[in-house]
Amino acid sequence: MAFESLKIEIIGNVTLFDLIVFAISVLAAAIIAKVVAIYLKKSLSDRIPPKEMDFLIRVIQAAIIIVGIYLALPSFDINLADMLVVGGTMGLVIAFASQRIVSNFGSGLFLIAERPMKPGDSVNIGAVSGTVEEIRVLSTIIKTHEGVYVRVPNEKIFTSEITNFVANVARRFEYTIGISYQSDAAKAIRIIKSLLDDHPFVLRHPAPSVFVDTLSDSSVNLRVFIWAPSRVWWSVRTEMLWAIKKALDAEGIEIPFPQRVITFARDKEGPSCSGTQGDGAAYGRP
Amino acid sequence: MFGIYKIPFQTDAAGITVSVEVEGETSTYRRVAPRETLTKRLGYREGRVIINPVEPVNLPSEVTGMIEFHFTPVTLRPSSRILICLKFPVEIGVFVGADENYTLLDVFSLARPKYSLYGTPENGFITRHVECEVFESAPPTDPLKEGVLFLAIRNSGRDWVEVSRAVFDVSALRIFHGRTVAISGEMEVFSRLVAETRVLDLPPEEGMKQSLRVFPTKRLLIPEKQPFMMEYGVGE
């Protein structure tokens, strides 16, 4: 009796039994895909970079599930030509019914094809800034620099301006370093250039550049342009700034506080009065 | 210092001491070099340690798989070929394992690393930068500090060309060691902008041993790219 109930047609010629066979086949394919993913992770994790590994596993899992569905289809005894017509119509209906999802899906495909970013890249998308964790078909996962999980719909990413800080192999950053007017700018430049020369990741070509940029109110401003590999630029940036500060201090080159020299009109009878306003150094522009 | 050692051991040279001391069922790897010291605990007390020169792109951290030689310009007439020797800095790799299965334990160097960019930031390559003179024959070197690249340059172009740069993909780099450390390479120049470089799998001198490489132990599944096409110029 129970077996007979399985033979009842539910949708067209499709019986409950067919549906169960289909579900079991897809479930088996999903389990196999999961097992294969675990096996690949165990055996290849030390030979393939993690990002490429994730991509490879996803492709293999998708292929296994597609094969599983394909093998399960005959249980429906469906004419593929009819299915294409029905599928196409259904597709249109679903597309109209879920425009946002389809839009996100299409954007996801374009993002995967165009590859303006990849997992691990440091990016800025609209108001979100962080590291790309995963690019899915409907959304992209960003881990902000504060470690917060952010899911951005692909449609939004596709229409936003994407700044990828590591898309190029090298990038430039700069410092402005003010030294006092009494300090020897040529010596300061020599010291900075020597430090840049010593650092392995300050690229030889394009060469770093150090020059007097502006004569500002309180300091002579030196500008430092540095190219570094994108993968390590942030650590180079933080290391070098402090190294420059320490080296200039050690050589007696002063980095002054903002200051202003105020000169009062000379009193005929009393001594002249002048003062320096500010918290720090006694030197200002003469 | 280069060679195969059985745990426990200690070897000293040029102010560097490398040792593995057995303590109960485990052992301790210790490397004392002029600028830094490294200690690692090993979960075994038997096995072999191989110390040999490795691809010089690992320090201070791996950011590239390319090495770029900048040398005194050499001018070649069309269809000519010359052999030059260039010095390069040596990085020393310490591998541990048994049979054919080795893993990298440590890399250190007495040379100061420097990196550069070959090409444009968009499409170029970060390279380990080596600035050197040109020698007609192998110059004397300290194998713990420097190796020699035997580079055959052929000008296959129709014009005279000045060559002062050679870039190699280290994933295919074969380093040989014996009394010296050496690499054999070829460079075929097609124009002032384009050349092809490849590393040869041949020891420059008889009796040299091929070094165990860092790249294959890390990325067996990445195919070796050989040769490398230099598309951003062979001169300044």
Side-chain angles (χ1 to χ4, degrees), chain A residues 40-57 59-60 115-117 120-121 163-174 193-209 225-237 239-240 243, chain B residues 35 56-71 89 91 97 101-104 107-109 111-132 164-165 167 171 214-224 230 232-236:
Chain A
L40 286 174
K41 270 189 182 168
K42 280 181 181 171
S43 56
L44 299 179
S45 58
D46 59 339
R47 299 177 189 181
I48 299 179
K51 294 166 203 163
E52 289 166 29
M53 175 70 121
D54 286 345
F55 180 71
L56 180 72
I57 286 174
V59 169
I60 291 172
R115 290 177 74 87
M117 58 190 175
D121 284 0
T163 306
N164 189 333
F165 296 106
V166 294
N168 294 341
V169 293
R171 64 160 293 172
R172 197 187 77 177
F173 58 90
E174 60 187 73
K193 279 188 170 173
S194 163
L195 280 175
L196 299 178
D197 192 44
D198 280 346
H199 197 290
F201 291 135
V202 172
L203 297 180
R204 178 81 75 203
H205 301 285
S209 177
F225 288 146
I226 299 171
W227 283 88
S230 297
R231 279 166 62 175
V232 293
W233 81 275
W234 182 249
S235 63
V236 177
R237 187 183 182 282
E239 273 174 42
M240 283 312 303
Chain B
R35 273 176 289 187
V57 291
N58 302 287
L59 297 173
S61 62
E62 188 200 323
V63 294
T64 183
M66 313 295 295
I67 185 166
E68 179 179 1
F69 291 85
H70 256 251
F71 46 88
E91 286 184 10
N101 187 8
Y102 285 89
T103 187
L104 185 70
V107 181
F108 58 95
S109 176
R112 198 184 63 173
K114 189 72 180 171
Y115 288 82
S116 188
L117 174 69
Y118 176 68
T120 63
E122 303 83 42
N123 302 310
F125 300 88
I126 298 293
T127 57
R128 169 74 190 260
H129 182 84
V130 178
E131 232 164 80
C132 49
S164 61
R165 279 199 285 184
V167 181
S171 66
V214 172
F215 265 63
T217 56
K218 283 164 81 173
R219 300 191 186 108
L220 279 174
L221 294 186
I222 303 291
E224 290 181 351
M230 293 175 61
Y232 298 99
V234 297
E236 289 304 325

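Numbers restart at 1 for each chain; the letters A, B, ... are given by sequence-line order, proteins then strands.
Annotation: maximal heavy-atom pairing with chain A below 4.5 Å, among B:Ser61, B:Pro113, B:Gly124, B:Pro121, occurs at B:Pro121. Note on A:Ser230, A:Pro229, A:Pro200, A:Ala167: by heavy-atom pairs under 4.5 Å with chain B, the leading option is A:Pro200. The candidate from B:Arg128, B:Arg112, B:His70, B:Glu68 with the greatest count of non-hydrogen atom pairs under 4.5 Å with chain A is B:Arg112.
The part of B:Glu131 that comes within reach of chain A is its side chain, from C-beta onward, which places non-hydrogen atoms under 4.5 angstrom from that chain. If you measure heavy-atom distances from A:Val169 to chain B, the contacts under 4.5 Å come from both the backbone and the side chain.
Across all their heavy atoms, A:Ala170 and B:Ile126 have their closest contact at CB-CD1, 4.0 Å. The minimum heavy-atom distance between B:Val63 and A:Phe201, with the atom names listed, is CG2-CE2, 3.6 Å.
Under a 3.5 Å cut-off, the side chain of A:Arg231 and the backbone N or O of B:Thr64 do not form any donor-acceptor pair. Side-chain N or O atoms of B:Lys114 include none that pairs as donor or acceptor with a backbone N or O of A:Asp198 at under 3.5 Å.
With sequence neighbours excluded, the residues forming a side chain to side chain donor-acceptor pair (under 3.5 Å) with A:Asp197 are A:Arg204, listed by chain and number.
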